[in-house]
Amino acid sequence: MEQEHHKRFRGSKIPVWAITQCPLIYGELLIVSYSQDPRAGLVAFNKMTGDIIWKTEAIGNETYASPSIAKIAGEDHLVMIFSSTNTFMHRDADKSKGRILGLKPQTGKILWEYNDWENMIQVAPALDAGEGRVIAVGGYELGTAMIKVEKKGRWQLYGN
């Protein structure tokens, strides 16, 4: 099964530093990031059968971070951090900022997104800091961001 899924979701080559994500078990789901170098997305499998429950398109740049869960306004949000363009390894790629996304874990629907993240090799997963706050920690001298997510009719973000 592993080889079949690898062929199905990989891009034309393995990402520069290979694949380092840990799968996330959420209820009956096994959720992983897939890479189609230099883009990436998420896929959820039934943890017992391997059947695909949902799959996103390639919604961000390659990432080495694992998916995580944050409790926001009493709901579980699947949080994923995607790197900004890795200009060191992809010199000819269009430059774009990274993304921090909150998704509905059961369906993969994007609930909110923060599109001002700048970290070209994202390794650390998002951390639930409580009270609707999510922390993203970067590397390579690009710092940290804390995002507050609130539901006021729709999901709203406050970042710093």
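Excluded from the calculations below are hydrogen atoms, water molecules and symmetry mates; all remaining heavy atoms, backbone and side chain alike, are included. One is the number of the first residue; the rest follow in order along the sequence.
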- Separation between CG (Leu29) and CD1 (Ile53), nearest 0.5 Å, reads 6.0 Å
- Message: Show the nearest heavy-atom pair for residues Ile69 and Leu78, with the distance to one decimal.
- Response: CD1-CA, 3.9 Å
- Between Val134 and Ala70, which heavy-atom pair has the shortest distance, and what is it? CG2-CB, 4.1 Å
- Task: Look up atom CG in Leu42 and atom CG in Leu103, then write down how far apart they are to the nearest 0.5 Å.
- Result: 6.0 Å
- With a 4.5 Å limit on heavy-atom distance, are the side chains of Trp54 and Val43 in contact? no
- When rounded to the nearest 0.5 angstrom, what is the spacing between CH2 in Trp117 and OG in Ser83? 9.5 Å
- Note on the structure: Rounded to the nearest 0.5 Å, the CD1 atom of Ile147 sits from the CH2 atom of Trp112 at a distance of 5.0 Å
- Query: About how many Å separate CE of Met80 and CG of Leu24, when rounded to the nearest 0.5 Å?
  - Reply: 10.0 Å
- Message: Looking at Ser68 and Ala126, would you say the former's side chain and the latter's main chain have a donor-acceptor pair under 3.5 Å?
- Response: yes
- Message: Using a 3.5 Å distance criterion without hydrogens, assess whether the side chain of Arg99 forms a donor-acceptor pair with backbone atoms of Tyr114.
- Response: no
- Heavy-atom closest pair, residues Ser66 and Pro125: O-CB, 3.3 Å
- Query: Considering only heavy atoms from C-beta outward, does the side chain of Val32 approach that of Phe45 to under 4.5 Å?
  - Reply: yes
- When rounded to the nearest 0.5 angstrom, what distance separates OH in Tyr64 from CD1 in Ile81? 15.0 Å
- Message: Using every non-hydrogen atom in the two residues, find where Tyr26 and Pro105 come nearest and quote the distance to one decimal.
- Response: CE2-CB, 3.6 Å
- Task: May I ask you to decide whether Lys151 forms a salt bridge with Glu75, counting only side-chain N to carboxylate O separations under 4.0 Å?
- Result: yes
- Below 4.5 Å, heavy atoms only, C-beta onward: do Lys104 and His77 meet side chain to side chain? no
- Can you tell if the side chain of Lys97 reaches within under 4.5 Å of the side chain of Asn115, non-hydrogen atoms only? no
- Message: Please check: side-chain N/O of Asp51 versus main-chain N/O of Asn46, any donor-acceptor pairing under 3.5 Å?
- Response: no
- Would a distance-only check, ignoring hydrogens and angles, find a side-chain to backbone donor-acceptor pair under 3.5 Å from Lys71 to Glu131? no
- Where do Thr56 and Gly41 come nearest, in terms of heavy atoms and distance? OG1-CA, 3.5 Å
